[in-house]
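Structure first, then comments.
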Protein chains: 2
Amino acid sequence: MFLSINNVIDYKARTEFGDQTVTKTSTLQDVARVAKVSTATVSRTLSNPDVVSESTRRRVAEAVKVTGYRINRAARNLRTRRAHSVLVLLPDLANPFFSTILEGISRNLSQQGYSMLIASTAQVHASGERLVDYLDDARADGMIVLDGGLDPDVVETLENSPQAKRILFACEWIDGTSFASVRCQNRQGTRAAVNHLFDLGHRKIAHVTGPVGNVLMHTRKDAFVEEVQKLGLTLRPEWLIAGDFSLAAGCLAAQAWIALDDRPTAVFCASDQLAMGFIAELSRHEFSVPKDVSVMGFDDIDLAEQFIPPLTSVRQDRLLIGETAAKMLIARIKAPDDGHLEHAAVLPVSLVTRESTAALQ
Amino acid sequence: MFLSINNVIDYKARTEFGDQTVTKTSTLQDVARVAKVSTATVSRTLSNPDVVSESTRRRVAEAVKVTGYRINRAARNLRTRRAHSVLVLLPDLANPFFSTILEGISRNLSQQGYSMLIASTAQVHASGERLVDYLDDARADGMIVLDGGLDPDVVETLENSPQAKRILFACEWIDGTSFASVRCQNRQGTRAAVNHLFDLGHRKIAHVTGPVGNVLMHTRKDAFVEEVQKLGLTLRPEWLIAGDFSLAAGCLAAQAWIALDDRPTAVFCASDQLAMGFIAELSRHEFSVPKDVSVMGFDDIDLAEQFIPPLTSVRQDRLLIGETAAKMLIARIKAPDDGHLEHAAVLPVSLVTRESTAALQ
DNA sequence: GTTGGGCCTGCAATCGATTACATCGTCATC
DNA sequence: GATGACGATGTAATCGATTGCAGGCCCAAC
């Protein structure tokens with residue numbers, strides 16, 4: 001069509017003789033000029049095509065193609081007061097436990113047109129920034145927190161902030177606060193674990209716990225004690241071995257187990273890393289799993305299946321955790337102030353039976 | 001001081017009777033009003049304090065405190081044409097190999113006032129976005145790519161983009177392109193590995209490789225072959241076992257090794273995951289490491305030290321990789337068009353000797 | 001007293017989109 | 001033929017910062 005060729009030429013001329021930046025990307029104005037409509041119409045066509053006529057839609061689409069137009073997000077963010085991005089806060093970036101959760105978050109966010117910003121608690125703290133600034137300064141529209149161990153001061157600031165409803169905790173949470181959250185069935189998972197060991201004939205069961213103060217540690221430990229008592233098993237205090245979710249703590253726990261004079265025949269560890277450390281240390285001392293003792297973990301991390309022996313564990317669907325968290329948060333970001341909001345999601349866990357647990361001989 | 005009390009009252013009144021949003025955060029205007037200066041002066045005070053007088057500086061600081069002012073980054077980004085953030089592109093978010101690198105990147109970025117956006121190649125592709133859009137639409141000022149397996153079309157688009165100088169590859173890279181990069185001494189690491197095994201008395205050494213087409217795989221394999229020949233060792237073709245960096249491939253490689261009639265006494269794996277899978281599979285078949293065969297890996301991931309037996313490996317400092325990448329990229333972003341730019345950094349690796357390798361019996 | 005320079009500050013344009021409101025044309029209805 | 005409703009589009013204000021330019025002040029030098 002002759003008209004559109006003309007337009008192309010017009011456009012090229014402009015970019016050649018325009019500002020110093022020849023490679024300047026084109027703007028709404030450029031598209032409007034080429035399509036011979038106003039910028040308002042172009043904007044409407046792009047964000048809400050239904051309100052413009054069919055012919056305009058075609059001309060704008062053509063003009064967009066000709067000019068190679070890309071929206072400038074800074075401008076849109078400024079005008080709409082939205083950052084179209086979400087901050088994910090981790091206690092520690094280097095911890096691989098979180099990577100699958102991130103994958104889930106990212107998958108859902110990008111599908112909804114949001115970007116994912118990442119920061120770690122320690123770094124934010126070190127840089128002297130306040131966490132709430134991310135929301136206040138229009139860098140992020142909301143926040144997914146994967147760290148239940150936030151500083152109480154920070155928590156208080158967040159809770160009193162007008163942005164509190166756009167903060168969501170995933171995996172971990174903080175008791176006594178009113179933040180939205182996504183959690184796993186920690187109690188049910190723990191009960192399933194204890195019952196699994198019980199069904200295998202074990203009557204003396206130990207528990208290696210997470211770090212003191214951690215909300216998951218307490219939830220799992222309480223559920224463990226409760227279930228063991230419900231089954232009428234004896235539980236000696238030294239069978240609750242303090243750990244901290246890490247490999248190294250698992251090793252120490254194994255030494256503690258070895259030192260017992262009345263050794264439990266099964267051990268439920270609060271994380272897979274603990275269980276792996278536990279088993280590793282045992283095998284250094286010539287104990288064999290599951291022959292001498294059944295050991296199981298919690299989380300079902302990728303490595304669990306490849307471990308020797310393959311680890312029995314309680315599976316958390318980390319991809320689902322991430323996706324659910326993102327979905328809930330975006331819903332909250334978009335919700336009107338008076339809208340109804342889902343406040344907590346509790347995701348199922350499942351027992352994965354492998355070779356690190358076996359029937360009592 | 002009476003004056004400043006007055007100002008506080010003025011300010012409060014404004015927020016109470018202002019727009020519908022009572023919780024509206026304050027702007028430069030508000031600060032200017034309270035400090036009784038122009039917005040220009042406030043802006044200058046904040047971004048370039050040296051150019052304003054001492055007394056102004058004090059009054060603005062006071063006004064900032066009173067109003068609780070936080071800069072609006074969307075506005076600044078629009079005006080300065082900078083996003084003050086960097087995109088990190090991973091092949092796969094769920095792969096824990098990258099988490100420490102991310103930690104390094106993030107640490108350096110936040111120190112320089114930049115945010116870190118994360119996306120995975122697969123997702124960007126799936127969402128129909130073009131990678132270069134992140135730079136074009138002012139979402140990110142630059143890009144760190146940790147994926148050497150990008151689609152050739154995408155690579156071409158990136159290379160021809162005016163933004164090409166703000167793209168940097170880390171760990172992996174793409175031969176034949178001119179992107180800046182941060183790499184490790186893959187050749188030197190490989191040589192050190194081979195010589196370590198040689199020094200232990202091994203004369204028949206196998207290599208389990210990474211995935212075909214991967215630039216690290218080829219670099220390490222070529223260096224391996226070269227070094228083995230330099231040492232005058234025999235190298236039978238079946239001693240080069242194809243893998244792909246994963247645990248599962250390590251298991252398969254072990255089966256291949258077992259099936260050999262003339263078994264090498266040492267195996268150099270192109271990744272720690274390969275080595276772990278290899279050892280795991282061997283122990284299922286009643287072979288013992290390092291008694292029956294010495295095995296070593298590459299990367300020195302966190303788990304290597306805790307593995308049974310603790311793994312000999314070639315250590316890459318992933319934190320340093322990340323920090324270097326971030327530093328180089330920001331330098332490029334800030335550099336004037338004619339400035340001199342560092343184009344490639346090669347980081348040292350080091351041999352970490354543990355118990356998975358031993359002297360030939 | 002005039003001039004010039006340096007220092008500090010203010011005015012106002014600008015970045016590039018969104019959107020409330022006004023306008024215009026068309027068509028059905030009475 | 002007048003009226004009103006409706007759909008499509010344009011006008012212009014707006015989001016909140018940055019920055020080129022101009023102006024005011026003060027002091028030194030002539």
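No experiment lies behind these values; they were computed from the predicted model shown.
- Residue Tyr69(B) places no side-chain N or O under 4.0 Å from the OP1 or OP2 atom of dG16(D).
- To the nearest angstrom, P of dT14(D) lies 12 Å from CD of Gln29(B).
- Side-chain atoms of Asn72(A) come within 3.5 Å of backbone atoms of Ala75(A) as a donor-acceptor pair (strictly under, hydrogens ignored).
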Original post:
What do the steps show when you test Val88(B) against Phe98(B) for side-chain contact (heavy atoms from CB on, under 4.5 Å), and what is the final call?
Top reply: CA-CA 11 Å; Val88(B) 179; Phe98(B) 298 106; over 6 Å; no
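- Nearest nucleotide to the Ser38(B) side chain, out of dG10(C), dA8(D), dA17(D): dG10(C).
- In terms of modelled atom types and a separation under 3.5 Å, the side chain of Glu159(A) and the main chain of Ser178(A) share a donor-acceptor contact.
- For the pair Asp141(B) (side chain) and Val86(B) (backbone), a donor-acceptor distance under 3.5 Å is absent.
- One N or O donor and one acceptor, one from the side chain of Arg44(B) and one from the base of dG10(C), sit under 3.5 Å apart.
- As a whole-Å value, the separation of Arg76(B) CZ from dT14(C) C1' is 17 Å.
- Of the candidate nucleotides dG16(D), dG10(D), dA17(C), dG10(D) has the atom nearest to the side chain of Ala40(A).
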Subject >> side-chain contact (heavy atoms from CB on, under 4.5 Å) assessment of Arg57(A) paired with Arg44(A) >> reply: CA-CA 10 Å; Arg57(A) 223 175 302 156; Arg44(A) 278 188 288 251; over 6 Å; no
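- Which of dT19(D), dG16(D), dT11(D) sits closest to the side chain of Ser43(B) comes down to dT19(D).
- At whole-Å resolution of the value, CZ in Arg73(B) and C1' in dG16(C) are 20 Å apart.
- For the pair Thr80(A) and dA17(C), the criterion of a side-chain N or O lying under 4.0 Å from OP1 or OP2 is not met.
- Comparing atom distances between the Leu78(B) side chain and each of dT9(D), dT9(C), dC15(C) picks out dC15(C) as nearest.
- One donor-acceptor pair, N or O on each side, does fall under 3.5 Å between the base of dT14(C) and the side chain of Arg79(B).
- The shortest distance between the side-chain N/O atoms of Thr41(B) and the OP1/OP2 oxygens of dG10(C) is below 4.0 Å.
- Along DNA chain D, the nucleotide nearest to Thr56(A) and the one nearest to Arg70(B) differ in position, and the one closer to the 5' end is contacted by Thr56(A).
- Between Thr39(A) and Glu54(A), the residue anchored closer to the 5' end of DNA chain D is Glu54(A), taking for each the nucleotide with the nearest heavy atom.
- Nucleotide dG16(C) holds its P atom 16 Å from the CG atom of Leu46(A), rounded to whole Å.
- At the phosphate of dT18(D), neither OP1 nor OP2 sits under 4.0 Å from any side-chain N or O atom of Arg82(B).
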